[in-house]
Protein chains: 2
Amino acid sequence: MKATPVRLKVLEVLSTTHLALSPSELESSFSKVDRITLYRTLKDFEEAGMIHKIIDTDGVTRFAFCNNNCPDATHTEDHVHFNCKKCHKMFCLAHVQTPSLQLPDGFTSTGINTVVHGICKYCS
Amino acid sequence: MKATPVRLKVLEVLSTTHLALSPSELESSFSKVDRITLYRTLKDFEEAGMIHKIIDTDGVTRFAFCNNNCPDATHTEDHVHFNCKKCHKMFCLAHVQTPSLQLPDGFTSTGINTVVHGICKYCS
DNA sequence: TAATAAACGCAACATTGTTGCATCTGATTA
DNA sequence: TAATCAGATGCAACAATGTTGCGTTTATTA
Ligand SMILES: [Mn+2]
Ligand SMILES: [Mn+2]
Ligand SMILES: [Zn+2]
Ligand SMILES: [Zn+2]
């Protein structure tokens, strides 16, 4: 994977925030970037396990820097996300683990997405 | 709200399954239905608290019958959903409550979406 | 510097969802 | 039962998001 300007910028933006950003939010971090290139960049990073994808409460796809040193896309999403209903930001709560739960017989889990919605620290 | 054929059929389909269905899945329950009418029907039912919306692991919007007798769209989503990665079906696990968790200072929760992914009872 | 595999940029397309507006219809009333 | 009309429908048009093919450009390596 080559170190290109778009990739470096995306990594820089995602690695310096605790927010999960949508493709269009990332697009506005650039003065000019091709939308398709951005989508491909995000897909490549996700498959490499460098970032993780998370769908917010409104169905918007978002990406966040992965701090888990995962080898590839099989990385485990073990933390909770918080979606503020006022500012619509999505926070990675890296220190809040997803609680475990008891599934009915026959169902086996390979991961849990927990998205809490409410009012964030900065909006309350 | 008038009892029209589309509405009756949507209610019938959703009330006789434990799955959360996407608009396009619902569309194929009909021999012929206008896509826009279906979207409006789902929106109306959701605002009336008769069904609830849930986004699956792949970002697909799905709707499920609400068994909670909620007065309106402020109904509480208190159960866990299970998304099978093989058949891609989404199950309402009505008897599995969303576990509570401890948020960082300043964050207040008004609801939690928990989507478990893995292999369902019928695919394992 | 030259070669080349990878990344980019553009066009074209698919899917999902929304809005405006004219027409139709189901519940209510006369 | 028949007329009425608010509300539901169907169509066109549009917006947002995401994907693929393909020719061109660029970063790395030799
Ligand atoms: Mn995260
Ligand atoms: Mn449900
Ligand atoms: Zn906020
Ligand atoms: Zn399954």
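Naming: A, B, ... by sequence-line order, numbering from 1 per chain. Computed over heavy atoms, backbone and side chain alike; hydrogens, waters and symmetry mates excluded.
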Atom-to-atom span, [atom1] of [X] to [atom2] of [N] - whole angstrom:
X       : N      : atom1 : atom2 : result
B:Asp34 : C:dA22 : CG    : C1'   : 14 Å
B:Glu47 : D:dA8  : CD    : C1'   : 15 Å
B:Glu25 : C:dT15 : CD    : P     : 15 Å
B:Leu8  : C:dG26 : CG    : C1'   : 12 Å
B:Glu27 : C:dT15 : CD    : C1'   : 11 Å

Donor-acceptor pair, distance only, cut-off 3.5 Å: does the side chain of B:Arg62 make one with the backbone of B:Asp56?
no
Membership question, hydrophobic clusters at under 4.5 Å side-chain separation (ILVMFWY): are [Y] and [X] in the same one?
X        : Y       : value
B:Ile55  : A:Phe63 : no
A:Val60  : A:Ile54 : no
B:Phe107 : A:Leu19 : yes

What's touching nucleotides 16-19 of chain C from the protein side, N or O pairs under 3.5 Å?
{"residue": "C:dG17", "atom": "OP1", "partner": "B:Thr61", "partner atom": "OG1", "Å": "2.9"}
{"residue": "C:dG17", "atom": "OP2", "partner": "B:Tyr39", "partner atom": "OH", "Å": "3.0"}
{"residue": "C:dG17", "atom": "N7", "partner": "B:Arg35", "partner atom": "NH1", "Å": "2.8"}
{"residue": "C:dG17", "atom": "O6", "partner": "B:Arg35", "partner atom": "NH2", "Å": "3.3"}

Would you compute the distance between atom [atom1] of [X] and atom [atom2] of [Y] and round it to the nearest 0.5 angstrom?
X       : Y       : atom1 : atom2 : result
B:Thr17 : B:Leu14 : OG1   : CG    : 8.0 Å
B:Glu27 : B:Asp34 : CD    : CG    : 8.5 Å
B:His79 : B:Cys92 : NE2   : SG    : 3.5 Å

Return a single string for nucleotides 24-30 of chain D, one symbol per nucleotide in 5' to 3' order, where B is base contact, S is sugar-phosphate-only contact and - is none, cutoff 4.0 angstrom on heavy atoms.
--BBS--
Parallel under 30°, tilted from 30 to 60°, perpendicular over 60°: which one fits the rings of A:Tyr122 and A:Phe91?
parallel
Is it the case that atom NE2 in A:His88 sees more than 12 heavy atoms from other parts of the structure closer than 6.0 Å?
yes
When A:Asp44 and A:Lys32 are each assigned the nearest nucleotide of DNA chain C, the 5'-most assignment goes to A:Asp44
So do B:Gln102 and A:Val96 actually touch side chain to side chain, heavy atoms under 4.5 Å?
no
Using heavy atoms and a sub-4.0 Å distance, could you list which residues of residues 9-16 of chain A are near DNA chain D? By number, please.
none
Go through A:Leu26 and A:Leu42 one step at a time and tell me if the side chain to side chain contact (heavy atoms under 4.5 Å, CB included) criterion holds.
CA-CA 10 Å; A:Leu26 279 162; A:Leu42 293 168; 3.7 Å; yes
